[in-house]
Amino acid sequence: MQLIMNTMERPESTIVSTIQTELLHWYARYQRDLPWRKDQDPYKVWVSEIMLQQTRVNTVIPYFNRFIERFPTIIDLANASDDDVVKMWEGLGYYSRVRNLHSAVKEVADKYGGKVPDQIEEISRLKGIGPYTAGAILSIAYQRKVPAVDGNVMRVYSRIFALYDDIAIPATRKKMEAIGDVLIPEHAPGDFNQALMELGATICTPTSPQCLFCPVSSVCEANEQELQDELPQKKKAKAPTPVSVRFAWIESGHSVFLVKRPDKGLLAGMWSLPTFDQEDPSAELDQYLLTRRWTVQSREVEAKIDHVFSHRHWFIEIERIKLDQVPIECGENEEWLDINSIYQKAFPNVYRKAISVMKKQ
DNA sequence: GACGCGTGGAG
DNA sequence: TCTCCAAGCGT
């Protein structure tokens with residue numbers, strides 16, 4: 001391809017075969033022993049790829065093992081309840097991933113008899129499967145020659161070919177996929193894609209890349225010109241918006257009042273403490289308590305914590321509200337739970353933090 | 001194309 | 001303590 005010809009002195013075919021050979025040999029020798037590499041079951045590859053989206057390998061490992069132990073086959077997952085499935089994802093973040101996965105798995109069970117589609121058009125239609133995940137599943141599980149371009153791959157390509165395209169821009173991924181079309185070998189597309197990612201994760205790291213141990217350093221333009229520190233180019237993300245939030249810890253006897261968050265937006269569908277994020281949180285909470293005609297015994301802000309999401313920074317005040325007695329009536333998406341069985345529900349970590357703080361006091 | 005969407009770890 | 005995240009996708 002022209003791009004490679006322009007940036008390298010050797011003929012293109014030599015570059016391509018060197019990258020293929022060296023990378024595959026390196027991967028065969030140094031690949032990490034990861035639980036989703038024990039076989040190439042399309043279902044397990046699928047689950048692992050969804051979990052690995054924007055999430056580190058070391059974080060994913062225990063979640064993957066628990067998830068597969070609980071739902072060993074695609075049919076087990078398809079037949080499971082939403083609550084059970086979300087519970088296995090608790091604390092992993094980006095919860096729409098697990099809802100989309102469950103939905104897509106049920107569709108595969110219904111429409112494809114439980115066999116994960118091996119055609120790009122079909123698999124790409126499934127919820128939660130975008131260009132990267134489609135490529136990863138097809139290449140790893142079905143040995144199809146399809147690019148799987150993630151952040152690692154873009155970093156590796158940016159350095160090898162000295163590309164200054166901003167990898168934060170979606171259009172850049174298309175360009176990287178075109179490179180993959182040239183580089184990926186027919187005989188080992190899955191290993192090659194994984195090798196690129198493995199290299200990016202362990203050698204060609206964002207900072208302080210270990211070029212001395214890199215199998216393709218001899219053909220790497222960034223290594224040649226010492227451009228490692230300025231490649232890849234990436235515009236920095238916006239800082240999270242600060243928001244003042246109040247959590248209501250409403251208790252009566254040994255019971256605590258919990259609510260399910262709306263099914264869209266931040267922490268969609270997750271269990272939580274009643275949460276108020278207006279300019280004046282206490283005013284809204286006052287109304288909340290009044291409307292329910294609860295007899296409030298005492299109120300006190302007992303703890304302050306903060307929690308940073310990818311785009312929000314919550315400064316949280318947790319208020320303990322004691323009622324005289326447990327109200328009998330309870331709406332949909334609400335529940336009184338004994339304090340010792342709270343974690344039967346799936347809570348995102350920000351609420352687990354808050355619950356932990358309040359249980360200690 | 002830009003933004004919304006979590007979390008815990010590394011430097 | 002602070003910054004930048006990490007194997008992206010949906011809207």
Side-chain angles (χ1 to χ4, degrees), chain A residues 27 31-32 34-37 44-64 86 89-101 103-104 123-137 139-140 147-156 166-174 176-177 180 190 192-202 204-209 229 232 234-241 243 261-270 272 306-314 346-353:
Chain A
Y27 182 65
Q31 65 171 278
R32 291 168 291 181
L34 301 172
W36 46 88
R37 288 179 176 164
K44 291 179 199 165
V45 172
W46 185 1
V47 170
S48 72
E49 291 301 339
I50 299 298
M51 286 187 171
L52 285 164
Q53 288 171 7
Q54 301 292 287
T55 310
R56 294 176 187 281
V57 165
N58 286 338
T59 302
V60 166
I61 289 172
Y63 279 91
F64 177 83
V86 173
W89 209 271
E90 181 182 55
L92 197 51
Y94 284 146
Y95 299 99
S96 68
R97 292 185 295 175
V98 69
R99 300 182 191 285
N100 286 336
L101 172 64
S103 166
I123 199 170
S124 296
R125 264 185 237 120
L126 297 170
K127 279 190 203 168
I129 297 187
Y132 163 75
T133 306
I137 297 173
S139 64
I140 296 170
V149 175
D150 69 341
N152 286 313
V153 174
M154 289 198 283
R155 183 170 57 258
V156 171
D166 184 345
I167 64 169
I169 293 172
T172 302
R173 201 202 72 247
K174 296 260 187 188
M176 303 289 180
E177 287 174 344
F192 186 80
N193 282 338
Q194 291 187 87
L196 279 172
M197 293 187 275
E198 190 89 349
L199 188 76
T202 62
C204 195
T205 48
T207 60
S208 311
D229 291 339
K234 186 178 185 181
K235 72 162 180 267
K236 59 181 176 187
K238 265 191 333 187
T241 305
V243 181
R261 290 178 60 86
D263 60 11
K264 292 200 178 296
L266 185 61
L267 306 175
M270 302 299 287
S272 72
D306 67 307
H307 188 84
V308 182
F309 301 96
S310 44
H311 64 301
R312 287 280 186 285
H313 188 157
W314 277 6
F347 290 90
N349 270 18
V350 59
Y351 292 105
R352 293 182 67 89
K353 244 196 263 180

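Quick note on labels: first sequence line is chain A, next is B, and so on, each numbered from 1.
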Could I get the full list of side-chain contact (heavy atoms from CB on, under 4.5 Å) partners for A:Asp150, not counting sequence neighbours? A:Tyr132, A:Asn152, A:Val153, A:Met197
Output all residues satisfying side-chain hydrogen bond (donor to acceptor under 3.5 Å, both in side chains) with A:Tyr27, sequence neighbours left out; order by chain, then residue number. A:Arg37, A:Gln194
Does a side-chain N or O from A:Ser96 land closer than 4.0 Å to OP1 or OP2 of C:dG10, or not? no
From CG of A:Asp306 across to P of B:dT7 the rounded distance in Å is 13 Å
Quickly work out the A:Leu92 CG to B:dT7 P distance and round it to whole Å. 9 Å
A:Ala171 has a side chain; which of B:dG1, C:dG8, B:dT7 sits nearest to it? B:dG1
Closest nucleotide of DNA chain B for A:Asn58 versus for A:Val308: which of these residues is on the 5' side? A:Val308
Which part of the nucleic acid, if any, lies within contact of A:Gly200, taking any heavy atom under 4.0 Å across all strands shown: a base, the sugar-phosphate backbone alone, or nothing? nothing
Hey, does A:Arg352 reach any base, or is it just sugar-phosphate, or nothing, if we go heavy atoms under 4.0 Å? nothing
Note: contacts of residues 45-56 of chain A with DNA chain B (heavy atom, under 4.0 Å) are A:Gln54, A:Thr55, A:Arg56
Using a heavy-atom cut-off of 4.0 Å across all strands, would you classify A:Val57 as base, sugar-phosphate, or nothing? base
A:Leu267 CG to B:dC5 C1', straight-line distance once rounded to whole Å: 9 Å
Nearest-nucleotide comparison on DNA chain B, the residue closer to the 5′ end among A:Pro170 and A:Gly91: A:Pro170
Which part of the nucleic acid does A:Arg261 contact within heavy-atom distance under 4.0 Å: base, sugar-phosphate only, or nothing? nothing
Whole-Å distance separating the CD1 atom of A:Ile129 from the P atom of C:dT11: 14 Å
Can you check the A:Lys264 NZ to C:dG10 C1' distance for me, whole Å? 10 Å
Among the candidates B:dT7, C:dG8, B:dC5, find the nucleotide nearest to the side-chain atoms of A:Leu266. B:dC5
Let me know the distance between NZ of A:Lys235 and C1' of C:dC4, rounded to the nearest Å. 16 Å
Could you tell me whether the phosphate oxygens of B:dC5, OP1 or OP2, come under 4.0 Å of any side-chain nitrogen or oxygen in A:His311? yes
Residue set satisfying side-chain hydrogen bond (donor to acceptor under 3.5 Å, both in side chains) with A:Asp306, at least two apart, ordered chain then number -> A:His313
I want to verify a distance call: between C:dA6, B:dA2, B:dC5, whose nearest atom is closest to the A:Pro206 side chain? C:dA6
Which whole number of Å gives the distance between the P atom of B:dG6 and that of C:dT3? 22 Å
Specify the separation, in whole Å, of atom CD1 of A:Ile167 and atom P of B:dG1. 16 Å
Under a 3.5 Å distance rule, please check whether A:Arg352 uses its side chain to pair with a backbone N or O of A:Glu90 as donor and acceptor. no
A:Trp36 or A:Asn100, whichever maps to the more 5' nucleotide of DNA chain C: A:Trp36
Is the shortest heavy-atom distance from the side chain of A:Val243 to the side chain of A:Phe309 under 4.5 Å? no
Give a yes/no answer on whether the side chain of A:Tyr63 brings an N or O atom under 4.0 Å of OP1 or OP2 in B:dT7. no
Can a donor-acceptor pair be found between the side chains of A:Arg261 and A:Tyr351 at a distance below 3.5 Å? yes
Of the candidate nucleotides C:dG8, B:dG11, B:dA2, which contains the atom at the shortest distance from the side chain of A:Thr207? B:dG11
Taking only side-chain N and O atoms of A:His307, does any of them lie within less than 4.0 angstrom of OP1 or OP2 on B:dT7? yes
Which residues satisfy the side-chain hydrogen bond (donor to acceptor under 3.5 Å, both in side chains) test with A:Arg97, sequence neighbours excluded? A:Thr55
Any residue meeting side-chain contact (heavy atoms from CB on, under 4.5 Å) with A:Arg56, in chain and number order, not counting sequence neighbours: A:Thr59
Looking for any heavy atom pair under 4.0 Å, which part of the strands does A:Lys234 touch: base, sugar-phosphate only, or nothing? sugar-phosphate
Would you classify A:Leu34 as touching base, sugar-phosphate or nothing, given that sugar-phosphate means primed atoms plus P, OP1 and OP2, and contacts are heavy atoms under 4.0 Å? base
A:Arg99 (side chain) donor-acceptor with A:Gly269 (main chain) under 3.5 angstrom: yes
With heavy atoms under 4.0 Å as the rule, sort A:Arg125 into base, sugar-phosphate or nothing. nothing
Please state how far atom NZ in A:Lys353 lies from atom P in B:dG6, giving the value in whole angstrom units. 14 Å
